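Shown next, in structure tokens, is the structure this report addresses.
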Amino acid sequence: MSKKTIVLAEARNGELRNVSFEAIAAAKEIASGGEVVAVLAGDVVSDMASQLYAYGADRVIAVENESLKHYTTDGYKQAFLQVFDKESPEAVVLGHTSIGKDIAPRLAVKLDAALFSDVVAIESEDELTFTRPIYSGKAFEKRSAASDGPIIVTIRPNNIVAQEKDESASGEAESLSVDVKDLRTIVRDVVKKATGGVDLSEANVIVAGGRGVKSEDGFKPLQELADLLGGAVGASRGACDAEYCDYSLQIGQTGKVVTPDLYFAIGLSGAIQHLAGMSNSKVIVAINKDPEAPIFEVADYGIVGDLFEVVPLLTEELRNVLV
Ligand code: FAD
């Protein structure tokens, strides 16, 4: 049965996040021939509409309002509920990002919708079924809706493949004005950390270091490898606790959950709490001087050796091949 499906697209610093294109692909699967409408909210967003068409949206709605310049739970909830009032979607898809995790349950309550969170795969043949990891990624469960009511789905970045970009598909955003009022919180200013580079949660290649890197400087060879491969640097909590790097790099149960195509686990032991954040990576390469380190149990490729010798050699070899 076809379902009119809304995608709540997400932009950061004026650029759409990849997960929004993946959400359109997920929405197509859920809509099963029904209309897929992408919604962009912010102060000035309509210029990003063409990309959403290029990735498969049938329509794009721009909700522009000065109060939506920065994300607030109150403001975005009010805006999206007004969009839903007008559009009456049967399904809503968004990224399982900080914003998605915050707003999806609130929208689900308001819409009396079934919520499927952190979805990594969707099947639509006989019945719409959503696969999501449970027990920190040690098992997967499949869920489907118990009734025909609306559904809300958050998708984990880097799992559902976006459609091929079709540059010939284009269009203008439809503008929808919303009334945003009585906000309980106002964002006065956003102070960015000077990390820059590739976004860890969406990176295709992650080079993660642990306590074995021994110092802040010890991360430099890892950064070089990441830069060469267009990837991002991550860390174990051991490295963060030792103040070798910032906690924003932490991967694991109490850090970020990532699913890159390639994950380098360097000088980290592979504690269960770390595996919870990265064990679903497509290819894992472990570098550790201890052959008994548990990380080798989940690694596709393992190198037993001193990271300060192995990483520069690997970077040099890769540079010869790639550059
Ligand atoms: P270690 O376990 O000390 O491992 C260091 C590794 O480096 C060793 O295997 C060693 O052989 C290797 N090594 C040392 N020198 C070299 C060298 N020169 N070359 C090559 N290898 C070398 N941890 C996380 O990562 N993420 C989380 O989100 C997280 N959440 C947690 C939540 C809770 C409630 C708890 C209790 C713990 C959590 N932890 C988390 C901590 C986790 O249990 C481990 O303590 C932590 O992951 C260990 O970090 P590590 O692997 O860097 O350090």
Side-chain angles (χ1 to χ4, degrees), residues 96-98 100-102 117-118 120 132-139 156-159 193 195 198-203 205-226 228-229 231-260 262-318:
H96 195 70
T97 59
S98 323
K101 283 186 245 183
D102 182 56
S117 65
D118 202 12
V120 295
R132 55 191 299 273
I134 52 170
Y135 305 128
S136 300
K138 285 201 268 318
R156 185 182 282 201
N158 269 348
N159 280 271
K193 284 196 170 159
T195 45
V198 181
D199 179 358
L200 191 55
S201 50
E202 291 194 345
V205 177
I206 292 179
V207 182
R211 223 188 311 252
V213 302
K214 294 197 174 63
S215 68
E216 199 180 329
D217 274 355
F219 266 99
K220 282 186 183 156
L222 278 63
Q223 184 69 60
E224 263 180 53
L225 177 58
L228 179 70
L229 298 175
V233 167
S236 71
R237 178 153 142 194
C240 301
D241 284 346
E243 298 183 358
Y244 303 159
C245 61
D246 193 84
Y247 278 102
S248 59
L249 301 190
Q250 186 183 320
I251 290 165
Q253 187 181 317
T254 44
K256 293 198 168 73
V257 175
V258 295
T259 328
L262 179 57
Y263 189 94
F264 287 93
I266 302 179
L268 59 87
S269 57
I272 191 82
Q273 295 90 352
H274 187 78
L275 300 186
M278 47 63 74
S279 60
N280 291 322
S281 303
K282 283 154 203 127
V283 175
I284 299 172
V285 179
I287 302 173
N288 199 301
K289 65 180 184 185
D290 174 8
E292 302 298 324
I295 191 67
F296 288 123
E297 283 167 31
V298 296
D300 299 285
Y301 300 94
I303 302 174
V304 178
D306 185 331
L307 72 92
F308 296 104
E309 290 169 19
V310 175
V311 176
L313 277 175
L314 189 63
T315 308
E316 200 183 308
E317 283 300 317
L318 285 170

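From a predicted model like this one, the values you see are computed outputs, not experimental measurements. Note that ligands are numbered from 1 as they come in the structure, with each ligand's atoms numbered from 1 the same way. Sequential numbering from 1 along the given sequence is applied to the chain's residues. Atom set for the values below is all heavy atoms of this structure, side chains included, hydrogens, waters and symmetry mates excluded.
- In this structure, ligand 1 sits under 4.0 Å from heavy atoms belonging to G210, R211, G212, K214, S236, R237, G238, Q250, I251, G252, Q253, T254, G255, G267, L268, S269, A271, Q273, H274, N288, K289, D290, G305, D306, L307, F308.
- Under a 4.0 Å N-O distance rule, the pair R156/D118 qualifies as a salt bridge.
- Looking at R237, its side chain never comes within 3.5 Å of a backbone N or O of Q250 through a donor-acceptor pair.
- For the pair N158 and K282, the tightest heavy-atom approach, listed with the atom from each and the gap, is O-NZ, 2.9 Å.
- Between the side chain of N288 and the backbone N or O of I303, no donor-acceptor pair lies under 3.5 Å.
- No more than 12 heavy atoms of other residues, nucleotides or ligands sit less than 6.0 Å from atom OH of Y301.
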Acceptor/donor pairs from residues 309-318 side chains to any protein atom, 3.5 angstrom cut, sequence neighbours excluded:
residue : atom : partner : partner atom : Å
T315    : OG1  : V311    : O            : 2.8

